[in-house]
Peer 1: 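Before I ask anything, let me first share the structure, which is written out below as structure tokens.
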Amino acid sequence: MSKFVLVDPSLTSNAGHYYRYAYHVLSVTESIGYNPILVINKWANLVEDMPWPTYPLYEFEYWWAPHLPNWIYRLSRPVHHDIPNQAESIKNKKYGRDIFDACFRLARYLRDNLRRARFKQNTFSLFKQLLLKEGDVIFFPDVSKDDLFGLESFVRESTYANGIRWHLLFHHYLKDIVDCGVLDRISKNASVSFYSDTQDMSHMYGNSAKLEFHTLPIPHTVEDISESICLRKHDPLTILYAGEARVEKGFLHLPQILNDLWQDYLATGKIEFVIQAYISRSAEVDTLLSARRELQAYPEEYVRLILNPLSLKEYETLLHVGSIILLLYDHVQYHLRSSGIF
């Protein structure tokens with residue numbers, strides 16, 4: 001029986017949308033005769049056993065590595081974002097900006113090359129531990145630019161990849177990888193298929209990269225919402241923000257929305273808010289924590305915050321009890337993309 005290996009370095013727990021996606025995909029592959037295997041983040045915190053053989057191997061999530069302190073990430077961000085206030089006088093002096101910009105470029109170079117080297121090494125470990133052979137399938141449900149450069153190096157240098165079928169799914173349009181030709185180089189050294197989760201993004205990638213891109217939508221498996229309509233309360237109305245807290249999903253708009261509705265609607269008991277306020281991205285943690293603290297100032301009987309990722313059942317139940325679901329997504333970030341909630 002051929003193995004179907006789903007590799008998601010961003011999967012760090014049994015809850016959240018990364019786990020929901022892996023659960024649905026591996027359930028289907030098992031039903032059609034594959035031997036499903038799950039490969040996740042090396043520092044994953046699993047609260048229960050997975051339904052399939054599970055290997056914690058990969059060190060870096062899509063956005064960052066959870067075990068590394070945030071100051072390392074901040075070091076490699078642009079100078080004008082993270083330079084401390086006390087260094088403003090240095091930055092504004094002659095040559096000051098050049099020095100700080102040079103430090104930023106060096107830190108970014110070191111960070112990117114570290115990620116690529118570790119991805120390559122983690123993939124070597126994957127092949128050694130799973131004893132993959134011709135006909136096996138490896139599926140990455142999301143890949144970053146650095147993942148691709150690490151994979152390019154692996155398939156170019158390793159004989160392990162011979163006969164393996166690779167499937168790479170993109171949730172973001174990464175113009176850099178199209179311009180540098182890394183997709184084309186991977187396709188010349190491996191049997192690989194490319195996907196995105198929307199038709200618009202597939203067309204964009206296909207036209208710009210001159211490669212075939214298939215569309216693989218996010219599975220929507222929530223039961224018919226009409227079957228649980230009785231869970232909804234009509235007085236007060238429940239306004240729901242579902243999904244983890246992210247800037248691109250409009251989380252920063254929530255404090256102002258609650259402020260505007262407080263006097264006439266929240267304080268009078270006409271509405272209540274239920275907000276998933278779980279934060280996972282190191283890059284955005286400071287900004288999101290500030291907004292979350294504003295939300296925590298409201299009485300819990302009016303504004304209920306969910307601070308942890310949810311299980312599959314908990315997430316489905318949450319969607320069913322919302323009278324109104326807020327989709328505050330940034331139209332620039334999401335004009336080609338989809339999300340697990342729509």
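The analysis underlying the following values was restricted to heavy atoms, covering all of them including side chains, and did not include hydrogens, waters or symmetry mates.
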Peer 1: Once rounded to the nearest 0.5 Å, what's the spacing between atom NE2 of His24 and atom CG of Leu6?
Peer 2: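 The NE2 atom of His24 sits 12.5 Å away from the CG atom of Leu6.
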Peer 1: Could you report the tightest heavy-atom contact between Val178 and Tyr173, atom names first, then the distance?
Peer 2: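 Heavy atoms of Val178 and Tyr173 come nearest at CG2-OH, 4.1 Å.
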Peer 1: More than 12 foreign heavy atoms under 6.0 Å from CD of Glu301: is that the case here?
Peer 2: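 Counting neighbours around CD of Glu301, more than 12 heavy atoms of other residues, nucleotides or ligands fall under 6.0 Å, so yes.
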Peer 1: If the plane angle is over 60° it's perpendicular, under 30° parallel, otherwise tilted; pick one for Phe4 and Tyr34.
Peer 2: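 The arrangement is perpendicular - the two ring planes meet at more than 60°.
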Peer 1: Mind checking whether Tyr241 and Phe251 have parallel, tilted or perpendicular rings, split at 30° and 60°?
Peer 2: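 Rings of Tyr241 and Phe251: perpendicular, as their planes differ by over 60°.
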Peer 1: Would the distance check show the side chain of Arg165 and the main-chain N or O of Gly135 forming a donor-acceptor pair, the cut-off being under 3.5 Å?
Peer 2: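 Here the side-chain-to-backbone pair exists.
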Peer 1: Could you give all pairs that pass the side-chain hydrogen bond (donor to acceptor under 3.5 Å, both in side chains) test and reach residues 209-218, with sequence neighbours left out?
Peer 2: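 For residues 209-218, and leaving out neighbouring residues, the side-chain hydrogen bond (donor to acceptor under 3.5 Å, both in side chains) pairs sorted by first residue read Ser202-Thr215.
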Peer 1: Taking Thr238's backbone N and O only, do any of them form a donor-acceptor pair with Ser323's side chain (distance below 3.5 Å, no angle check)?
Peer 2: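 Yes, Ser323 side chain to Thr238 backbone: donor-acceptor pair under 3.5 Å.
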Peer 1: Are there over 12 heavy-atom neighbours, none belonging to Phe127, within less than 6.0 Å of that residue's CZ?
Peer 2: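 Counting other residues, nucleotides and ligands, CZ of Phe127 exceeds 12 neighbours.
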Peer 1: NE2/His253 to CG/Asp330 distance, rounded to the nearest 0.5 angstrom?
Peer 2: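 Separation between the atoms: 7.5 Å.
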Peer 1: Do Tyr205 and Phe170 have their ring centres less than 6.0 Å from each other?
Peer 2: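 They qualify: ring centres under 6.0 Å apart.
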Peer 1: Once rounded to the nearest 0.5 Å, what's the spacing between atom NZ of Lys145 and atom SG of Cys180?
Peer 2: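 Lys145 NZ to Cys180 SG: 8.0 Å, rounded to 0.5 Å.
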Peer 1: Is it the case that more than 12 heavy atoms not belonging to Tyr278 sit under 6.0 Å from its OH atom?
Peer 2: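 For Tyr278, atom OH is crowded (more than 12 foreign heavy atoms under 6.0 Å).
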Peer 1: Could you give the distance from CZ (Phe213) to CG (Leu183), rounded to the nearest 0.5 Å?
Peer 2: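 Those atoms lie 5.0 Å apart.
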Peer 1: Examine Ile32 and Val137 and state if one hydrophobic cluster contains both, with Ile, Leu, Val, Met, Phe, Trp and Tyr joined whenever side-chain heavy atoms are less than 4.5 Å apart.
Peer 2: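 As far as the 4.5 Å side-chain criterion goes, Val137 and Ile32 are connected within one cluster.
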Peer 1: Could you tell me whether Tyr23 and Trp52 have their ring centroids closer than 6.0 angstrom?
Peer 2: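 Between Tyr23 and Trp52, the centre distance is under 6.0 Å.
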Peer 1: Measuring from atom CG of Leu328 to atom CG of Leu254, what distance do you get when rounded to the nearest 0.5 angstrom?
Peer 2: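 Going from the CG atom of Leu328 to the CG atom of Leu254 covers 6.0 Å.
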Peer 1: Hey, what's the ring geometry for Tyr302 with Trp262, parallel, tilted or perpendicular (30° and 60° as the breaks)?
Peer 2: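 Geometry flag for Trp262 against Tyr302: perpendicular rings.
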Peer 1: Any chain of hydrophobic side-chain contacts (each under 4.5 Å) joining Val28 to Met1?
Peer 2: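 No; Met1 is not reachable from Val28 via cluster members.
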Peer 1: Indicate whether the side chain of Thr123 and that of Tyr58 have a donor and an acceptor atom separated by less than 3.5 Å.
Peer 2: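 Yes, a side-chain donor-acceptor pair sits under 3.5 Å.
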Peer 1: For Tyr265, is there any backbone N or O sitting under 3.5 Å from a side-chain donor or acceptor partner on Thr268?
Peer 2: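 Yes, because the side chain of Thr268 sits within donor-acceptor range (under 3.5 Å) of the backbone of Tyr265.
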Peer 1: Is the Phe154-Phe124 ring centre distance short of 6.0 angstrom?
Peer 2: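 For Phe154 and Phe124, the ring centres are under 6.0 Å apart.
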Peer 1: Please collect all salt bridge (charged side-chain N to carboxylate O under 4.0 Å, His left out) contacts where either partner lies in residues 180-202, sequence neighbours excluded, each pair once.
Peer 2: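 Of all non-adjacent pairs touching residues 180-202, those that pass salt bridge (charged side-chain N to carboxylate O under 4.0 Å, His left out) are Glu152-Arg185, Asp184-Lys188.
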Peer 1: Going by distance alone, is a donor N or O of one side chain under 3.5 Å from an acceptor N or O of the other, for Ser125 and Gln129?
Peer 2: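 No pair is found: no donor N or O on one side chain lies under 3.5 Å from an acceptor on the other.
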Peer 1: Measuring from Asp264:CG to Leu261:CG, what's the distance to the nearest 0.5 Å?
Peer 2: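 Going from CG on Asp264 over to CG on Leu261, the span is 8.5 Å.
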Peer 1: Is the side chain of Thr198 donor-acceptor paired with the backbone N or O of Ser196 at a distance under 3.5 Å, no angle test?
Peer 2: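 No; zero donor-acceptor contacts below 3.5 Å.
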Peer 1: Hey, can you tell me if Tyr195 and Phe139 have their rings parallel, tilted or perpendicular (30° and 60° cut-offs)?
Peer 2: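 Judged by the thresholds at 30° and 60°, the geometry between Tyr195 and Phe139 is perpendicular.
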Peer 1: Tell me if the CD atom of Gln296 is crowded by more than 12 foreign heavy atoms within 6.0 Å.
Peer 2: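 Atom CD in Gln296 is packed in, count exceeds 12.
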Peer 1: Under the 6.0 Å and 45° cation-pi test, does Arg118 pair with Phe60?
Peer 2: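 No.
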